[in-house]
Number of protein chains: 2
Amino acid sequence: MTTAAPAKPARRTPLPRNAARNSAEARIVRSIGEAIADRRLPPGTKLTEESLAEAFGVSRERVRKVLLLLAQRRVVTLIPNRGAFVAKPTPKEAREVFEARRVIERAIMDRLERLPRPLPDDMLEKLRDHGALEDAAERAADRKAMIRLSGQFHLLLAEFAGNATLAGILTDLIDRSSLAIAAFERRSSHTCSADDHRRLIAALIGNRPGEATTLMIEHLDEVERQLDLETKTDTRIDLKAIFADEPEPA
Amino acid sequence: MTTAAPAKPARRTPLPRNAARNSAEARIVRSIGEAIADRRLPPGTKLTEESLAEAFGVSRERVRKVLLLLAQRRVVTLIPNRGAFVAKPTPKEAREVFEARRVIERAIMDRLERLPRPLPDDMLEKLRDHGALEDAAERAADRKAMIRLSGQFHLLLAEFAGNATLAGILTDLIDRSSLAIAAFERRSSHTCSADDHRRLIAALIGNRPGEATTLMIEHLDEVERQLDLETKTDTRIDLKAIFADEPEPA
DNA sequence: GCCTCCAGAATTGTGCACAATCGGCTCGGT
DNA sequence: ACCGAGCCGATTGTGCACAATTCTGGAGGC
């Protein structure tokens with residue numbers, strides 16, 4: 001019935017319209033988000049509206065909107081009349097974020113393990129492709145790419161689990177854990193163990209019951225364990241402490 | 001040009017400043033959120049900026065900001081150049097939200113059951129107080145109060161679990177499940193079974209291992225099961241269907 | 001010497017005016 | 001009478017100007 005209209009000329013405009021405008025803001029959000037994740041914008045950095053507006057070539061109100069969005073995702077902190085800062089999570093918040101990730105990603109792995117085998121071809125293909133990308137980034141020692149790919153890997157699994165809502169929640173949590181890593185990473189850490197991901201992929205394909213889930217939990221535990229959530233480096237007094245033992249150069 | 005103002009008498013105000021301003025926005029968000037949850041604003045309702053601005057006695061840009069926040073929480077849908085609408089979840093999204101709630105609330109119940117016994121007095125007190133409130137609302141057949149209290153109950157448990165991040169995520173999910181209920185509730189449904197909550201409280205205090213968790217999952221299953229997620233009432237064509245059998249009045 | 005207080009500058013917050021866009025309505029053609 | 005085109009009212013989107021607040025540097029008093 002409704003399928004008629006074979007020869008209907010394109011009455012409406014092809015409407016590439018608002019998509020462009022809208023994605024411009026989304027693009028800025030992603031751009032800033034990635035910059036925060038890979039530490040080009042370390043926690044605590046002041047994000048001046050004017051500077052960002054200039055950097056992205058947009059008006060200040062656009063930036064303002066973007067910052068509001070990022071603040072909602074707890075990636076930046078908005079202090080009234082003071083401005084926007086890259087969020088600096090507390091150790092407590094960092095622990096909470098990782099715990100939340102364990103809760104959600106365990107659920108995701110459960111669902112993935114219950115998928116009928118063998119896994120669909122496109123899924124296998126995407127897993128292998130992603131593995132190759134991570135390998136390449138590791139060989140190239142491309143730290144930024146590894147961070148980005150690591151997040152994408154977890155997100156990819158969430159997609160496969162088929163629950164977009166959980167995936168959306170996880171997106172935020174991944175951003176926030178990147179932030180936590182940036183804030184609390186120890187000096188000598190190898191972090192993003194692409195090896196963990198490799199094993200996870202293998203376990204997922206192999207389908208030994210529970211193994212992939214266990215690996216995921218251990219993986220998240222390991223990442224969290226590599227953080228230094230004990231020594232209290234909070235507030236801004238640490239700056240004074242750092243330079244306290246330096247003699248006056250005069 | 002502008003300010004004459006060479007004389008500056010009481011230059012400073014007693015500063016009831018941003019705290020009031022800031023919470024004003026939060027208040028509007030809560031207000032609209034509650035209105036959506038208890039169905040004063042059914043899914044699909046157009047939220048005109050001007051009307052809301054007038055209703056809350058604030059400027060349009062304030063409303064605009066609030067709508068952006070609510071859109072981020074998926075409680076309203078923002079259509080470019082068309083405006084804001086109370087979100088109308090799809091059956092798929094409704095299922096996803098409930099699945100996400102099961103994932104998170106199971107984790108919360110796990111943690112609550114692992115709490116050392118007996119539970120702290122303030123926790124017991126709050127549980128009992130809340131139970132009394134729900135009983136009262138049920139006796140008074142105060143539907144709106146029951147909906148609000150039901151959400152608060154789940155949030156209360158999340159608080160007790162001590163993970164503010166998970167609690168925050170759950171806050172959004174509860175709002176969204178309220179929406180799902182508003183969108184898909186069957187005509188003859190008793191819904192918010194305060195009885196479930198009563199049993200949950202008892203199980204939690206009694207601490208028979210796993211019982212509270214099981215009750216919670218069954219509770220969420222039951223709420224979801226009361227929804228009609230099968231019959232496809234999507235799109236706007238249902239309006240035509242509704243009036244299809246009505247004869248022309250002239 | 002140190003603390004307090006106070007301009008000046010820089011930055012954020014907000015109202016307003018206008019531009020852009022959409023849906024509905026009317027009108028003219030077939 | 002139906003269909004499409006085009007205008008109009010209403011609503012949303014955006015830039016701008018100005019108000020409010022905070023921060024900085026420095027002068028003055030204790």
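Order of the sequence lines sets the chain letters (A, B, ...), proteins ahead of strands, with each chain counted from 1.
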Is any side-chain N of the basic residue among [X] and [Y] closer than 4.0 Å to the acidic one's carboxylate O?
X: Arg74(A); Y: Asp175(A); answer: no
X: Glu34(A); Y: Lys144(A); answer: no
X: Glu224(B); Y: Arg102(B); answer: yes
X: Arg143(A); Y: Glu185(A); answer: yes

Expressed in angstrom and rounded to an integer, what is the separation of [X] atom [atom1] from [N] atom [atom2]?
X: Leu68(B); N: dT14(D); atom1: CG; atom2: C1'; result: 14 Å
X: Glu49(B); N: dG13(D); atom1: CD; atom2: P; result: 6 Å
X: Arg64(A); N: dG13(D); atom1: CZ; atom2: C1'; result: 16 Å
X: Glu54(B); N: dA10(D); atom1: CD; atom2: C1'; result: 15 Å
X: Phe56(B); N: dT14(C); atom1: CZ; atom2: C1'; result: 19 Å
X: Leu78(A); N: dG13(C); atom1: CG; atom2: P; result: 7 Å

Next item on the list: May I ask you to evaluate whether Thr48(B) reaches the phosphate of dT11(D), defined as a side-chain N or O under 4.0 Å from OP1 or OP2?
Entry: no
Notebook entry, point to check: Does a nitrogen or oxygen in the side chain of Ser59(A) sit under 4.0 Å from OP1 or OP2 of dT14(D)?
Noted result: no
Taking the minimum atom-to-atom distance to the side chain of [X], which one of [options] wins?
X: Asn81(A); options: dC22(C), dT14(C), dT12(C); answer: dT12(C)
X: Arg60(B); options: dG15(C), dT12(D), dG13(C); answer: dT12(D)
X: Lys65(A); options: dG13(C), dT14(D), dG15(C); answer: dT14(D)
X: Arg82(B); options: dG23(C), dT11(C), dT22(D); answer: dG23(C)

Next item on the list: Could you tell me whether Glu61(B) contacts a base, only the sugar-phosphate backbone, or nothing, with contacts defined as non-hydrogen atoms closer than 4.0 Å?
Entry: base
